[in-house]
Amino acid sequence: MSNTTTKRVPWRDASLPPAERADALLAQMTLEEKTAQLIGVWVGASADGAEVAPHQHEMNEPPDLESLLPAGLGQLTRPFGTKPVDAGAGALSLMRTQERIAASNRFGIPAMAHEECLAGFAAWGATAYPVPLAWGATFNPQLVRRMAGAIGEDLRRVGVHQGLAPVLDVVRDARWGRVEETIGEDPYLVGSIATAYIQGLEQAGVVATLKHFAGYAASRAGRNLAPVSMGPREFADVVLPPFEMAVRESGVRSVMHAYTDTDGVPSAADHSLLTGLLRDTWGFDGTVVADYFGIGFLQDLHGVAGSRGEAAGAALAAGVDVELPTVDAYGEHLLEELKAGRVNPALVDAAARRVLLQKIGLGLLDEDWTPAPEALPAGAADLEAVQSTVDLDPPGNRELARELAEESIVLLSNNGILPLQAPARIAVVGPNAENPMAFLGCYSFPAHVGSQFPQTAAGIDLPTVATSLRNQFPESSIEYVAGCGIDDLDASGIAAAVAAARNADVVIAALGDRAGLFGRGTSGEGCDVESLVLPGVQQQLLDALLDSGTPVVAVLLTGRPYALGTAVSRAAAVVQAFFPGEDGGPAVARVLSGAVNPSGRLPVSVPATPGSQPATYLAAPLAGPTDVSSIDPTPAFGFGHGLSYTQFAWDSLAVEVREIGTDGEAAASLTVTNTGQRDGVEVVQLYLHDPVASVVRPVQRLIGYARVPLQAGGSSRIRFTVPADLASFTGVDGKRRVEPGELELRFGASSTDIRLSAGIALSGPVRSVDHNRRLHCEVRVEEVHSEAVDSVPVDVTAP
């Protein structure tokens, strides 16, 4: 470290305001040093604890660190997530690299290190949690916040500063390969669950990153990185609300632009989106980072820039602060544009200032900063001292993974066969029955990176469905037959599967997806599908099993919903698990045995037919079945659906005031009673129906929910206080408004199972609202006793 950094300089003084420190440092930096803070380098940690090495990948040549580091470096990309490395060795490797980075530049500024953490820290040996679609199925923000806190602790302990999660895209077409990465098809569910995740990560001291801003999941035909055809009203009322909620409520410090263009404008070059809306209107003051290679795509894919320099200028002007994953447009190309006067240096100053403020907030410029991460033993300096000392899958993490898996499993149908009563003979059939990877999403380390290193073990325990059933039913005779592969067209094994079924008392058919990247899976980034039919010949296998005469329980381990043909009515039961993580196998077995009472609810609709996409529950009247179209998009199982092993009665709906002003609030309450013989959880969902408005509105949309645990025979009173702001929408003039008129509050067990409803009226003038409007119902759950009522507020997004 140079002599400059040993002096008492203002940017090292933690007692000064961060803005003063950043400005003092910025004033001393050259243009090259400022731009160096705007780039990352994709690296891989060393298995022997040596410094990281630049990652060799197909998009461009790795840069020369020797030439880069004297000016500084903004980010290190995925030091743990590039190849399998022992966590202790990786932490040592990162520490040594940070020492070198800080010593190489004259201000002693280290880099920020970022990693993927979509379903857990994407590192070898780290806990593989359920995917975000499973988070949505829990309807439990508190549990998701706890999970994110644990992920953040693991990231921070080994020296990682930023996590590239969560995904706030709202599902518009389930054929899109990245559905597994989303939280669901409803903006309120997505926003409330994602905000909880961000709070957990940020409270652990790790920078969360909203992605993909905005519209990425709405691409044409469900194709990855395809154009988005969407009007400004749908964009404002469906795509943006989750991001708006997160920016307002979560403390998020970073946003990632989307790859796509919307109506011809790429997100990476959209000033009105990244600056006008995000910063000027919503007040976001963190960093905007590029999705990987997204700035270069302005030239290569979108054709709105003729050179890397033009692409750099367009992205910087739009509001993209940091280029990821590695130096490209923001390197020499940007410097050339700056020196030629084609890019305003003030843009570099603004971006570099935001980066420096973030580093100051992380303590990276404090006088007592050390590159040694918490996880390493004090004074550790060699591989022998750190090898196998860092556990990224400790018992507490595994317990969280278990809770999430159990709460996310959705019982779609059940003719009474479940829970299983220790059948004598069980046939376990299907390509996912003995597949340890069946529970993991595309961004889990074993699927995302480990598949490129087949000689390396997964690093975590992944009990299969068949193994878990053997453990759960030790007295049962269990025969396993694959029947078919996941996505091949070989049906030759179906006959053996049917024979096993006929020799059994019950069939467990474990079907579904294989997560992968860019066509190497049936679900995941770049694994889009033409229709929602089960991959390969799995539907043929399922139909043959249904014809066997033996009761069939279909267990779906998938990253998206699939049409199931006649199994919707013919299967004895259907269980849906969206890539439920490392404890997925045991969790499925516990649900089948009844050790766990299922409480998951669908975050996406399950289609009745495979070709009716795009279709979600959040749709206008004309999107439903009509007499003038031969396509019926009615789902087999609607958004929010999920069964239990107990029964619930809903009654005594009361609305305190039937008419409120367009600036008022209405309070409604109902009683839910567990009328069955065992404890269970009901998820009370509140939908708003607006029958007449100045623009076409969805038939109904979720505005609140409560996850209500009830003992057998127990009752709770659930009270929703609904602000009129929740009835707002984007009007003809493009401005958000609350209109007077009749509304209907619908209380349902799902979007297709409305149990109670009540009309209210909004009176008074049309009221304009903005980003300061109220975004939530206040929800209280009051446990009803014979002598008293205990009132408990339901925590949806509050820290």
Side-chain angles (χ1 to χ4, degrees), residues 130-131 134 180 405-406 408-414 417-420 423 425-441 447 462-473 476 478-488 491 493-494 496-498 500-501 504-515 521-523 534-546 548 550-562 564-565 567 571-593 596 598 600 606:
V131 297
E180 64 174 70
E406 290 178 351
S408 69
I409 294 173
V410 185
L411 179 60
L412 296 183
S413 67
N414 183 18
I417 193 172
L418 296 183
L420 296 176
R425 299 168 302 169
I426 303 175
V428 183
V429 175
N432 273 337
E434 279 283 26
N435 178 11
M437 297 291 288
F439 318 105
L440 305 184
L462 297 168
T464 66
V465 169
T467 297
S468 301
L469 288 170
R470 293 185 188 104
N471 293 334
Q472 197 71 29
F473 298 99
S476 300
I478 295 179
E479 180 181 5
Y480 159 68
V481 180
C484 67
I486 290 175
D487 57 346
D488 60 56
I494 293 179
V498 171
D505 299 309
V506 64
V507 178
I508 308 299
L511 311 170
D513 280 317
R514 178 184 65 256
T522 61
S523 174
L534 283 166
V537 295
Q538 291 186 69
Q539 186 67 53
Q540 186 178 338
L541 171 64
L542 180 56
D543 291 341
L545 293 172
L546 293 170
S548 71
T550 302
V552 176
V553 177
V555 176
L556 306 168
L557 298 159
T558 69
R560 61 162 65 83
Y562 285 103
L564 302 174
V574 180
V575 175
Q576 173 68 63
F578 295 110
F579 289 144
E582 64 181 39
D583 195 64
V588 165
R590 289 190 290 267
V591 166
L592 296 181
S593 72
V596 168
V606 173

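No experiment lies behind these values; they were computed from the predicted model shown. Residues take their numbers from the sequence shown, with the count starting at 1.
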Are any of the side-chain heavy atoms of [X] and [Y] separated by less than 4.5 Å?
{"X": "Leu420", "Y": "Ile508", "answer": "yes"}
{"X": "Pro431", "Y": "Leu511", "answer": "yes"}
{"X": "Asn435", "Y": "Leu557", "answer": "no"}
{"X": "Pro419", "Y": "Ser593", "answer": "no"}
{"X": "Phe579", "Y": "Leu440", "answer": "no"}

Under 3.5 Å donor-acceptor, [X] side chain and [Y] backbone:
{"X": "Ser413", "Y": "Val574", "answer": "yes"}
{"X": "Asn432", "Y": "Ala438", "answer": "no"}
{"X": "Asn414", "Y": "Ile417", "answer": "yes"}
{"X": "Thr550", "Y": "Ala501", "answer": "yes"}
{"X": "Thr522", "Y": "Arg514", "answer": "yes"}
{"X": "Ser476", "Y": "Pro423", "answer": "yes"}
{"X": "Glu180", "Y": "Arg560", "answer": "no"}
{"X": "Gln538", "Y": "Asp487", "answer": "no"}

Checklist entry - Under the side chain to side chain contact (heavy atoms under 4.5 Å, CB included) criterion, do Glu479 and Arg425 qualify, and how do the steps go? => result CA-CA 8 Å; Glu479 180 181 5; Arg425 299 168 302 169; over 6 Å; no
Measuring from atom [atom1] of [X] to atom [atom2] of [Y], what distance do you get when rounded to the nearest 0.5 angstrom?
{"X": "Cys484", "Y": "Leu542", "atom1": "SG", "atom2": "CG", "answer": "10.0 Å"}
{"X": "Gln576", "Y": "Leu556", "atom1": "CD", "atom2": "CG", "answer": "5.0 Å"}
{"X": "Ser523", "Y": "Tyr562", "atom1": "OG", "atom2": "OH", "answer": "6.0 Å"}

Where is the tightest heavy-atom contact between [X] and [Y], given as atom of each residue plus distance?
{"X": "Ala134", "Y": "Ser408", "value": "O-CB, 3.3 Å"}
{"X": "Pro130", "Y": "Ala405", "value": "CG-N, 3.8 Å"}
{"X": "Phe439", "Y": "Gly585", "value": "CE2-N, 3.4 Å"}
{"X": "Ala577", "Y": "Pro580", "value": "CB-CG, 4.0 Å"}
{"X": "Ala482", "Y": "Leu541", "value": "O-CD2, 4.0 Å"}
{"X": "Ala509", "Y": "Leu545", "value": "CB-CD1, 3.9 Å"}

Item to check | Steps toward side chain to side chain contact (heavy atoms under 4.5 Å, CB included) verdict (Ile478, Gln472) | outcome: CA-CA 11 Å; Ile478 295 179; Gln472 197 71 29; over 6 Å; no
Checklist entry - Which one of Val575, Val555, Leu592 satisfies the side chain to side chain contact (heavy atoms under 4.5 Å, CB included) criterion with Ile409? => result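 Only match with Ile409 under side chain to side chain contact (heavy atoms under 4.5 Å, CB included): Val575.
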Next on the checklist: Just to verify, what does Thr467 make a side chain to side chain contact (heavy atoms under 4.5 Å, CB included) with, not counting sequence neighbours?
Outcome noted: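 If we apply the side chain to side chain contact (heavy atoms under 4.5 Å, CB included) test to Thr467, skipping adjacent residues, the hits are Glu434, Thr464, Arg470, Asn471.
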